[in-house]
Number of protein chains: 2
Amino acid sequence: MTQNPPPLSAEKATIEDVARAAGVSRWTVARAFKTNASVSSKTRAKVLGAAKEIGYLPDLQAASLGANQSNLVALLVDDFKNPHKLLLIEQVSQTLRDHGWDSLLINTGGAQDTNAALLTASQRRVDAAILLGVHFNDAVLDTAVGAERVKKLIVFARSSKHPRTLSICVDDAAAMAIVADHVLAQGYQRPLFLAGPQTGSAHLHRQETFVQQWFEATGDAPHSLEVPVYDSALSYTEISKYLAESKSYPDVIVCENDALALGAMDAIRLSAGLSVPDDIAVTGFDDVPQAGFAQYQLTTYQQPIKEMAEHLVKLLRGEAQAKDRYDFSGTLIERSST
Amino acid sequence: MTQNPPPLSAEKATIEDVARAAGVSRWTVARAFKTNASVSSKTRAKVLGAAKEIGYLPDLQAASLGANQSNLVALLVDDFKNPHKLLLIEQVSQTLRDHGWDSLLINTGGAQDTNAALLTASQRRVDAAILLGVHFNDAVLDTAVGAERVKKLIVFARSSKHPRTLSICVDDAAAMAIVADHVLAQGYQRPLFLAGPQTGSAHLHRQETFVQQWFEATGDAPHSLEVPVYDSALSYTEISKYLAESKSYPDVIVCENDALALGAMDAIRLSAGLSVPDDIAVTGFDDVPQAGFAQYQLTTYQQPIKEMAEHLVKLLRGEAQAKDRYDFSGTLIERSST
DNA sequence: AAATATCTTGCACATGGGTGCAAAAGCGAT
DNA sequence: ATCGCTTTTGCACCCATGTGCAAGATATTT
């Protein structure tokens with residue numbers, strides 16, 4: 001057995017130490033670190049030099065006590081089965097960091113207790129809580145005391161009509177209309193819509209849009225199937241069962257997102273022994289990395305996550321209009337699954 | 001355009017408000033919230049009642065200023081291409097939360113500046129920084145001033161010999177030996193080892209273990225291929241190229257992890273037109289969800305992430321031995337890719 | 001050179017709660 | 001009722017910084 005790690009390094013320097021080293025008051029040091037503060041450039045240079053010398057960096061927690069801003073943002077995530085979450089988490093955390101915010105990741109998947117997560121966020125003095133998940137619907141937010149304790153509530157990549165909430169998402173209806181157009185243009189006739197959890201009002205409008213669009217174009221109501229989690233494995237099971245049980249099969253499965261689409265493709269090929277897209281075509285939504293793999297080549301709709309994350313920053317800064325929703329538009333990525 | 005969200009809720013109650021409401025001093029309130037504090041049970045009940053009444057919850061940031069503990073832990077992640085990260089992030093954040101810690105997610109992927117990430121962590125007063133990534137090698141940590149400012153440095157699912165660091169990981173060598181045994185037992189004869197980035201000393205020992213093991217058993221040195229990122233798409237490209245260029249192909253590709261293995265399987269089937277496992281078998285490492293999909297059915301090694309996360313909590317609490325490494329053992333999941 | 005305007009800098013007070021000790025209160029025994 | 005001990009409670013001081021104002025220093029004007 002090896003020994004313990006060496007003891008901690010010397011105490012971290014405080015603003016007071018810098019003040020002493022630079023021969024000024026601590027308030028002057030604080031100013032030197034603040035842009036647009038009234039300090040003579042000579043003093044600032046002296047202070048910053050001293051600070052660098054003794055390795056001073058301001059304590060962000062202490063700073064957020066005094067100030068009414070913490071530069072901390074909570075990311076509430078409840079849905080780790082969906083690989084799209086990794087993209088969202090990566091992009092949002094990176095963009096926030098690039099602009100000076102840190103991310104408090106709160107996993108609400110286990111207890112699924114949104115309220116507790118929001119309370120924790122407020123106890124950490126976050127400037128905002130970003131909701132990245134499927135269970136943050138308006139009913140939950142209504143009953144969550146925690147929702148009122150957080151300065152800003154932002155639903156990302158999903159839409160919400162809750163009055164306390166701001167949404168950053170693609171225009172789901174418009175996006176799904178594009179998918180529907182594509183499916184119609186390809187001449188498919190017997191669609192099946194595969195939906196995920198339908199969670200109250202803070203949900204996606206993909207299913208209803210597709211159904212409506214299809215009905216308007218053809219006069220038929222497409223079949224639908226719902227699974228309770230955005231999980232490829234679950235989608236595989238359900239589609240396998242569906243294909244085994246029904247006498248005729250659809251010629252296209254339109255999925256609410258890629259997580260479901262990937263499982264559906266596996267089911268079509270490996271469980272039902274059919275081919276994609278010849279027997280059954282498939283469409284997805286999100287353009288997760290796997291959608292582009294040789295194995296899948298899934299036709300899907302790509303959301304402009306980066307752009308959306310930049311908009312998030314603007315909202316946090318108060319630069320953007322505080323509209324309840326801000327709709328972005330993405331791109332249909334046509335691959336060989338249709 | 002809709003109007004702005006309603007104004008913020010009333011100011012959050014402070015300990016002082018509770019004290020007033022309960023008719024005691026604020027220190028008594030603090031005690032009521034602390035287990036093992038000397039308060040009469042009558043007083044505690046009165047205080048907690050009053051706190052509940054006015055909706056008081058302690059401010060964690062303020063608390064961490066006075067105390068020498070923040071209950072905040074930084075998660076440094078640099079590698080979002082690998083789906084295994086989602087598993088790790090989920091499990092670690094959930095387990096930490098279950099035990100009272102919050103997670104500060106720091107994405108070091110963009111700038112790849114580990115030092116900056118560690119500095120940020122220290123500015124947020126984290127109790128520990130958990131390193132979940134590939135680029136946190138000893139050389140980097142040696143030159144990172146930030147490494148010294150963080151109370152504890154814990155490398156998760158990877159091993160490090162850096163003196164400031166504690167590792168929580170499976171015994172890589174033992175695990176890869178099991179994989180090697182399996183491959184040998186199945187009678188494969190021309191292995192190719194597909195490795196990821198070889199990052200200094202805080203790396204995995206899978207490649208060297210396999211090579212050595214194979215050599216000892218057969219007297220041959222297996223071929224190897226390296227890719228700079230754990231990315232299925234990259235693995236696909238490299239394996240495609242490799243199979244196209246070489247006259248003979250291996251009969252098994254042993255991959256350093258599943259991210260690489262999945263891409264390799266796609267390449268074997270779709271680029272080279274060969275079959276798995278008949279022409280070429282494949283093994284992975286990590287048991288990501290996709291490894292179990294019908295499409296892949298990848299033989300892989302599953303790490304006991306949950307158990308490792310629980311051990312992490314013990315380390316944070318100071319309950320566990322501070323060994324430099326703590327080795328767990330996982331399970332070989334045999335599927336039909338071998 | 002004096003008066004005035006402007007820029008710098010210092011300070012009191014605030015943020016929300018932790019620590020350790022001392023004072024106060026409770027309690028049983030004498 | 002008094003003494004001594006234990007439990008409970010209050011308090012001074014500390015954590016590291018922000019805000020807004022006033023005092024001090026410098027520059028500009030007359």
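Here is how names work: the chains are called A, B, and so on, in the same order as the sequence lines, proteins then strands, and each is numbered from 1.
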Subject >> Value in whole Å for how far the P atom of D:dG18 lies from CD of B:Gln61 >> reply: 15 Å
Original post:
So which one's nearest nucleotide on DNA chain D is more toward 5', B:Val24 or A:Ala30?
Top reply: B:Val24
Subject >> Residue whose nearest DNA chain D nucleotide is more 5′ - A:Asp59 or B:Arg44 >> reply: B:Arg44
**OP:** Using modelled atom types only, decide if a donor and an acceptor are shared between the side chain of A:Ser167 and the backbone of A:Cys169 within a distance under 3.5 Å.
**Re:** no
Subject >> Distance, rounded to the nearest Å, where B:Glu16 contributes CD and C:dC13 contributes C1' >> reply: 15 Å
**OP:** Choose from C:dG18, C:dG16, C:dT8 the nucleotide whose nearest atom is closest to any side-chain atom of A:Ser40.
**Re:** C:dT8
**OP:** Name the nucleic acid region contacted by A:Thr43, choosing base, sugar-phosphate or nothing; use a 4.0 angstrom heavy-atom cut-off, strictly under.
**Re:** sugar-phosphate
Subject >> Interatomic distance, A:Lys12 NZ vs D:dC14 C1' [rounded to whole Å] >> reply: 17 Å
Original post:
Between the side chain of A:Lys152 and the main-chain N/O of A:Leu315, is any donor-acceptor distance below 3.5 Å?
Top reply: yes
**OP:** To the nearest Å, give me how far apart OH (A:Tyr56) and P (D:dA16) are.
**Re:** 10 Å
Subject >> Expected output: side-chain B:Thr108 to main-chain B:Ala117 donor-acceptor under 3.5 Å >> reply: no
**OP:** Would you mind reading off the distance between A:Asn36 atom CG and D:dT19 atom P, rounded to a whole angstrom?
**Re:** 13 Å
**OP:** Would you state whether a donor and an acceptor, one from the side chain of B:Arg26 and one from the base of C:dG18, lie under 3.5 Å apart?
**Re:** yes
Subject >> Most 5' of A:Leu65 and B:Ala63 on DNA chain C, judged by nearest nucleotide >> reply: A:Leu65
Original post:
How do A:Trp27 and A:Val39 order along DNA chain C: which one's closest nucleotide is nearer the 5' end?
Top reply: A:Val39
Original post:
Does B:Thr28 make a side-chain N or O approach to OP1 or OP2 of D:dG10 shorter than 4.0 Å?
Top reply: yes
Original post:
Quick one: which of D:dG10, C:dG18, D:dT17 gets closest to the side chain of B:Ala67?
Top reply: C:dG18
Subject >> Listed nucleotide nearest any side-chain atom of B:Arg31, set D:dA16, D:dG10, C:dG16 >> reply: D:dG10
Original post:
What closest approach, in Å, do B:Trp101 and B:Val73 show between heavy atoms, and which atom pair accounts for it?
Top reply: CD1-CG2, 3.4 Å
**OP:** Can you tell me the distance, in whole Å, between the NZ atom of A:Lys46 and the P atom of C:dT8?
**Re:** 13 Å
Original post:
Taking atom CD of A:Gln69 as the centre, does the number of heavy atoms from other residues, nucleotides or ligands within less than 6.0 Å exceed 12?
Top reply: yes
Original post:
What nucleotide, of C:dG16, D:dG10, C:dT9, holds the atom closest to the side chain of B:Ser25?
Top reply: D:dG10
Original post:
Over how many whole Å does the gap from A:Ile15 atom CD1 to C:dG10 atom C1' extend?
Top reply: 13 Å
**OP:** Could you tell me the separation between the NZ atom of A:Lys34 and the P atom of C:dT9, rounded to a whole number of Å?
**Re:** 15 Å
